[in-house]
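A short write-up of the structure that comes next.
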Amino acid sequence: MESAYLDHAATTPMLPEAIEAMTAQLGRVGNASSLHAAGRRTRRVVEESRETIAYALGARPSEVVFTSGGTEADNLAIKGLYWARRAGGASRILISAVEHHGALDPAGWLGDRQGATVELLDVDEYGRVHPQTLRAAIERDPESVALVSVMWANNEVGTVQPVRVLAGIAHDHGIPFHTDAVQAVGQLPVVFTGSGVDALTLSGHKVGGPMGVGALLLARGVDPVPVLHGGGQERDVRSGTLDAPSVAGFAAAVKTAVARQAETSARLIGLRDDLIRRVRHAVPDVILNGDPVNRLPGNAHFSFPGCEGDALLMLLDAKGVECSTGSACSAGVAQPSHVLLAMGADAVRARGSLRFSLGHTSTEADVDRLIAVLGLVVERARRAGLS
């Protein structure tokens, strides 16, 4: 029997449209910075891709800055905006406690090495940043805040943040606002100009495009200090020869995923709610994490009392079910999820959690496969924990 792939939040299969667009470019030569005919052809592919992404996400083409992926885009936004505003005396970075490490770690590095004061914004039991939390943090000393970074939707528990409201609070004080929207694009309506954010991160392989490509949407007049220096490509804030085949595949994926977003989300919500209902029936004491309503359509995140998440993951994998834990492994020792700890969970609960994430290829058969083995797997994991 085929495996049930329930880890689309980690990476999702490439869409046929993306594969076609990418492979059409793989046999062609040309550097987009070259002035001869081959270079101009490649430049046209890049610029048409830029326009496609801009149109799909409600941005101007000049606001699309291509990167190697979400992590680079987060680094460029957080480091670059901090450096740009540090000259004016702003040194505080306000960032939610539940961010992906692609955003948390650059902020932490700036705190350790570059004189930044990093303040983690508290979240509630659902992992949500309340507007009054951000407002209070800013109003302690507005002039000292270099930037605010709060993700659009959480990669572990799926909670959707009130980004428009939070961005508005930052703008009331003239502070730039960055959001990591890697999980949101294709699952939620994402409109750059309508959101009020200044910088937005997205990634190719989360929306059905290739790995190794992403973008930072940068509003006009927002100019971070470059992280990479070189040829001055991409608005002079991101140097490096562009991977035109990957850019083409990325654009095709964004176009397709955004066009189908409403239909896909409605289908995934049905699958997700069925999965949640059946998991609760199979394991009555399971705990659903994250906002029960305002969450990503494809996300179901649970804590299983009496179980280690890593043990559950490996037991499920052996039964043909592929999912993920939110914990990190350091020197062979599982570390509890920082997201769940920030939400108020204790370390034991945080380590005993799994994320099941659905995507464009998910079917009812995937859910059936999970439910068929989950009860026995949980029972076995609990016995192992007692031994």
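- Residues satisfying the side-chain hydrogen bond (donor to acceptor under 3.5 Å, both in side chains) criterion with N154, sequence neighbours excluded, are absent altogether.
- A donor-acceptor pair is defined here as one N or O able to donate and one able to accept, closer than 3.5 Å; such a pair exists between the side chain of R86 and the backbone of Q114.
- Ring geometry for H8 versus H360: interplanar angle over 60°, hence perpendicular rather than tilted (30 to 60°).
- Remark: R278 engages D368 in a salt bridge, criterion side-chain N to carboxylate O under 4.0 Å.
- Closest of all the heavy-atom pairs between A350 and L340 is CA-CD1, 3.7 Å.
- The ring-ring contact (aromatic ring centres under 6.0 Å, His included) search around H100 returns none, not counting sequence neighbours.
- In E143, the CD atom is not crowded: 12 or fewer heavy atoms of neighbouring residues, nucleotides or ligands sit closer than 6.0 Å.
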Query - Derivation and outcome, side chain to side chain contact (heavy atoms under 4.5 Å, CB included), residues V213 and D243 - result: CA-CA 8 Å; V213 65; D243 180 351; 6.0 Å; no

Report task. Verify side-chain hydrogen bond (donor to acceptor under 3.5 Å, both in side chains) between S303 and S353, making sure each step is shown before the conclusion. Result -> CA-CA 4 Å; S303 292; S353 301; 2.7 Å; yes

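- Remark: the N31 side chain and the S34 side chain contain no N/O donor-acceptor pair separated by less than 3.5 Å.
- Criterion: ILVMFWY side-chain heavy atoms under 4.5 Å apart, direct or through other members. Under it, V222 and V197 are not part of a common hydrophobic cluster.
- In this structure a side-chain-to-backbone donor-acceptor pair under 3.5 Å is present from T256 to A252.
- Going from atom CG of L121 over to atom OG of S96 covers 6.5 Å, rounded to the nearest 0.5 Å.
- Note on residues 281-296: pairs passing salt bridge (charged side-chain N to carboxylate O under 4.0 Å, His left out), not counting sequence neighbours, are R128-D291, D285-R382.
- Looking at residues two or more places apart in sequence or on another chain, you find a salt bridge (Lys or Arg N to Asp or Glu O under 4.0 Å) between R50 and E47, E234.
- No side-chain heavy atom of V150 sits under 4.5 Å from any side-chain heavy atom of I95.
- Looking at T42 and Q25, their side chains never come closer than 4.5 Å, going by heavy atoms from C-beta outward.
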**Report entry** Chi angles and distances behind the side-chain hydrogen bond (donor to acceptor under 3.5 Å, both in side chains) call for D74, T201
**Finding:** CA-CA 6 Å; D74 281 345; T201 294; 2.8 Å; yes

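- Within 6.0 Å of CD on E263 lie no more than 12 heavy atoms contributed by other residues, nucleotides or ligands.
- Screening residues 214-233 for salt bridge (charged side-chain N to carboxylate O under 4.0 Å, His left out) gives D223-R235 as the qualifying pairs, with residues at least two apart or on separate chains.
- Atom CG of L271 is separated from atom OG1 of T363 by 7.5 Å, given to the nearest 0.5 angstrom.
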**Report entry** Residues E51, R44; criterion salt bridge (Lys or Arg N to Asp or Glu O under 4.0 Å); working and verdict
**Finding:** CA-CA 10 Å; E51 292 171 1; R44 185 163 56 249; over 6 Å; no

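- Nearest heavy atom pair, residue Q261 against residue G186, reads CG-O, 3.4 Å.
- In terms of the side-chain hydrogen bond (donor to acceptor under 3.5 Å, both in side chains) criterion, T179 has no residue partners (sequence neighbours excluded).
- L217 and V207 fall within the same hydrophobic cluster, defined by Ile, Leu, Val, Met, Phe, Trp and Tyr side-chain heavy atoms under 4.5 Å apart, directly or through other members.
- Residues meeting the side-chain hydrogen bond (donor to acceptor under 3.5 Å, both in side chains) test with R277, sequence neighbours left out: D274.
- With a 4.5 Å cut-off on side-chain heavy atoms, Y55 and V254 do not count as touching.
- Panel note: side chain R92, backbone D141; a donor-acceptor pair is recorded below 3.5 Å.
- When all heavy atoms are compared, the tightest approach of D366 to S3 is OD1-O, 4.4 Å.
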**Report entry** Trace of the side chain to side chain contact (heavy atoms under 4.5 Å, CB included) decision for V182 with W152
**Finding:** CA-CA 8 Å; V182 163; W152 197 295; over 6 Å; no

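- Connection of V163 to V157 is established within a shared hydrophobic cluster, with ILVMFWY side chains joined at heavy-atom distances below 4.5 Å, either directly or through further cluster members.
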Report task. Just do the side-chain hydrogen bond (donor to acceptor under 3.5 Å, both in side chains) check on T11 and H205 with the steps written out, would you? Result -> CA-CA 6 Å; T11 194; H205 73 108; 2.7 Å; yes

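- Here I276 contributes atom CD1 and H301 contributes atom NE2; the two are 12.0 Å apart, rounded to the nearest 0.5 Å.
- The two residues Q187 and S265 have their closest heavy-atom pair at O-OG, 2.6 Å.
- Side-chain atoms of N299 come within 3.5 Å of backbone N or O of E156 as a donor-acceptor pair.
- Without hydrogens or angle criteria, S239 side chain to H229 main chain gives no donor-acceptor distance under 3.5 Å.
- Put simply, the side chain of V191 reaches to within 4.5 Å of the side chain of T193, judged on heavy atoms.
- Q161 places a side-chain N or O within 3.5 Å of a backbone atom of V129 that can act as its donor or acceptor partner.
- In this structure, the separation between CG on L200 and CG on L57 is 7.5 Å, given to the nearest 0.5 Å.
- Side chain of R85 to backbone of V145: a donor-acceptor contact under 3.5 angstrom is found.
- Evaluation of the salt bridge (charged side-chain N to carboxylate O under 4.0 Å, His left out) test over residues 251-261, restricted to residues two or more places apart or in two chains, returns E17-R260.
- Note: S49 OG to L242 CG = 10.0 Å, rounded to the nearest 0.5 Å.
- Separation of atoms CG (L81) and CG (L76) is listed at 7.5 Å; rounding is to 0.5 Å.
- By the neighbour-count criterion of 12 heavy atoms within 6.0 Å, atom CD of E364 is densely surrounded, having more than that number from other residues, nucleotides or ligands.
- Although no hydrogens or angles enter the test, the distance criterion places no donor-acceptor pair under 3.5 Å between the side chain of R351 and the main chain of Q335.
- The minimum heavy-atom distance linking A167 with S195 is given by the pair CB-O, 4.0 Å.
- Ring planes of H338 and H101: tilted class, angle from 30 to 60°.
- Take E48 and apply the salt bridge (Lys or Arg N to Asp or Glu O under 4.0 Å) test, not counting sequence neighbours, and it matches no residue.
- Remark: H281 pairs with no residue by the side-chain hydrogen bond (donor to acceptor under 3.5 Å, both in side chains) rule, at least two apart or across chains.
- Remark: the R355 side chain and the S324 side chain contain an N/O donor-acceptor pair separated by less than 3.5 Å.
- Applying the ring-ring contact (aromatic ring centres under 6.0 Å, His included) rule to Y126 yields no partners; only residues at least two apart in sequence or on another chain are considered.
- Every pair tested for salt bridge (charged side-chain N to carboxylate O under 4.0 Å, His left out) that includes a residue from residues 177-206 fails, sequence neighbours excluded, so the list is empty.
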